[in-house]
S.K.: 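The structure under discussion is supplied below as structure tokens; questions concerning it will follow.
Order of the sequence lines fixes the chain letters, A, B, ..., with proteins taken first and strands second; residue numbering starts at 1 for each chain.
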Protein chains: 2
Amino acid sequence: MDTVRISAPHRELLDQVLDKWSLSVLSELCERPCRFNELRRAIPQVTQKSLTATLRRLERNGVVAREVVSTRPVAVSYRITPLGKTLRPPVDVLLTWAADHMPAITRAREAFDAPGGVPGSDRSESSDRSESER
Amino acid sequence: MDTVRISAPHRELLDQVLDKWSLSVLSELCERPCRFNELRRAIPQVTQKSLTATLRRLERNGVVAREVVSTRPVAVSYRITPLGKTLRPPVDVLLTWAADHMPAITRAREAFDAPGGVPGSDRSESSDRSESER
DNA sequence: CTGTATCCGCTATGATACTG
DNA sequence: CAGTATCATAGCGGATACAG
């Protein structure tokens, strides 16, 4: 009844901000401003290309700011913006959720991926699940 | 300074639960259990294939339950699980954030995508910034 | 009704090389 | 250091056909 009903624009927005690497980057920049390569080191799995793309997207959405220092060689620093900071609590809530329920999720996955030995875990017919769950 | 530091497993988990259609589906199932085609109607943009995939993934992660009623033709009902319900507050916070900051984001995007007429909006050199980080 | 199976094109992503 | 350019590949989403 309550709960904000999701709309297309909302989904699109969250797609931009909560994509594959955004959370990691945001989480990192919330701690301190970072240079490009600092971010790479902090998030080893991301490729240069994807990191660049992510930073651009975040910059475009106004949550991250890019600063170029004209030294030689140039130094570029990324930092969270005020708007970006407002994203912190929601993200934090999310990460907390993830941390809290990780075990349950893992269990659910294992049950689902069950080697087939477990009866009742079958995904076909089962007129109704009156079975004493859990 | 604190903020939960994101880890690979967390990111992977959120990728599964917060993907393109998950929020829409979850948001729908939070309201009431739904049949497959009810969901399709509720989320017109999703294709059958993607909806199936999304439901499977959510089911695997234990946030959605699938119930098959052996009528003829069969009826399948999806509902949110207790675990799935715990996802509600975080998601709600997120959607609220999106709603609240949508205007700011839109403005940021327009500034970024600037037709090139606006000086200073250029993404290259901006020599200032004395620099001294940590 | 509720899917599974295919083909297909687009995009995202990774690996690698090159530039200012 | 901080990217851009390019190529190759993987996976997703769309459309369509078919099945229990």
S.K.: Taking Watson-Crick (N1-N3 plus N6-O4 or O6-N4) and G-U wobble (N1-O2, O6-N3), each under 3.5 Å, can you produce the dot-bracket string of DNA chain C? Use [ ] for crossing pairs and | for inter-strand ones.
M.R.: ||||||||||||||||||||
S.K.: So B:R35, base contact, sugar-phosphate only, or nothing? Heavy-atom distance under 4.0 Å.
M.R.: sugar-phosphate
S.K.: Using a cut-off of strictly less than 4.0 Å, decide whether A:Y78 has a side-chain nitrogen or oxygen near OP1 or OP2 of D:dG3.
M.R.: yes
S.K.: Please tabulate, one pair per line, each protein N/O and nucleotide N/O from nucleotides 18-20 of chain C that are separated by under 3.5 Å, including the distance.
M.R.:
none

S.K.: If you look only at pairs with a residue in residues 74-83 of chain B, which of them pass as a salt bridge (charged side-chain N to carboxylate O under 4.0 Å, His left out), with sequence neighbours excluded?
M.R.: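 For residues 74-83 of chain B: B:E67-B:R79.
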S.K.: Using nucleotides 10-14 of chain C, report all nitrogen or oxygen pairs with the protein that are shorter than 3.5 Å.
M.R.:
residue: C:dT13; atom: O4; partner: A:K49; partner atom: NZ; Å: 3.1
residue: C:dG14; atom: OP2; partner: A:T47; partner atom: OG1; Å: 3.3
residue: C:dG14; atom: OP2; partner: A:S50; partner atom: OG; Å: 2.9
residue: C:dG14; atom: O6; partner: A:K49; partner atom: NZ; Å: 2.3

S.K.: Can you check whether A:R56 has a side-chain N or O nearer than 4.0 Å to OP1 or OP2 of D:dT4?
M.R.: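 Checking A:R56 against D:dT4: at least one side-chain N or O falls below 4.0 Å of OP1 or OP2.
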S.K.: Restricting to non-hydrogen atoms, name the atom on A:W21 and the atom on A:T54 that form the minimum distance, rounded to 0.1 Å.
M.R.: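 Minimum heavy-atom contact is CB-OG1, 3.7 Å.
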S.K.: Only counting residues at least two apart or in another chain, list the ones meeting side-chain hydrogen bond (donor to acceptor under 3.5 Å, both in side chains) with B:D15.
M.R.: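 Expected list: B:R11.
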S.K.: With sequence neighbours excluded, what pairs up with B:S22 under the side-chain hydrogen bond (donor to acceptor under 3.5 Å, both in side chains) test?
M.R.: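 Partners of B:S22 by the side-chain hydrogen bond (donor to acceptor under 3.5 Å, both in side chains) criterion, ordered by chain and then number, come out as B:D19.
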S.K.: Among residues at least two apart in sequence or on other chains, which ones pass side-chain hydrogen bond (donor to acceptor under 3.5 Å, both in side chains) with B:E12?
M.R.: A:R109
S.K.: Applying salt bridge (charged side-chain N to carboxylate O under 4.0 Å, His left out) as the test, list every pair that has at least one member in residues 93-103 of chain A; sequence neighbours left out.
M.R.: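 Listed once each, the pairs would be none.
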S.K.: Please state how far atom CG in B:L55 lies from atom C1' in D:dG13, giving the value in whole angstrom units.
M.R.: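 It works out to 15 Å between those atoms.
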S.K.: Can you name the nearest heavy-atom pair linking A:V93 to B:P90, along with the distance?
M.R.: CG1-CA, 3.6 Å
S.K.: I need the CG-C1' distance between A:L39 and D:dC1, as an integer number of Å.
M.R.: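 It is 13 Å, rounded to the nearest whole Å.
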S.K.: Is any side-chain nitrogen or oxygen of A:R66 closer than 4.0 Å to OP1 or OP2 of D:dG3?
M.R.: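 Checking A:R66 against D:dG3: at least one side-chain N or O falls below 4.0 Å of OP1 or OP2.
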S.K.: Tell me, please, which residues at least two apart from A:A104 pass side-chain contact (heavy atoms from CB on, under 4.5 Å).
M.R.: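 With neighbours one apart ignored, the set is A:R107, B:L83.
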S.K.: Expressed as a whole number of angstroms, how long is the span from B:F36:CZ to D:dG20:P?
M.R.: 18 Å
S.K.: Examine D:dG3: is either OP1 or OP2 under 4.0 Å from a nitrogen or oxygen in the side chain of A:R40? Give yes or no.
M.R.: no
S.K.: Name all residues meeting the side-chain hydrogen bond (donor to acceptor under 3.5 Å, both in side chains) criterion together with B:S50; count only those two or more places apart in sequence or in a different chain, and write none if there are none.
M.R.: B:T47
S.K.: Whole-Å distance between C:dA15 P and A:L51 CG?
M.R.: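 To the nearest whole Å, that distance equals 14 Å.
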S.K.: Please list, chain by chain and in numerical order, all residues satisfying ring pair (Phe, Tyr, Trp, His ring centres under 6.0 Å) with B:W97, sequence neighbours excluded.
M.R.: B:H101
S.K.: Could you tell me which residues satisfy salt bridge (Lys or Arg N to Asp or Glu O under 4.0 Å) with A:R41, sequence neighbours excluded, listed by chain and number?
M.R.: none
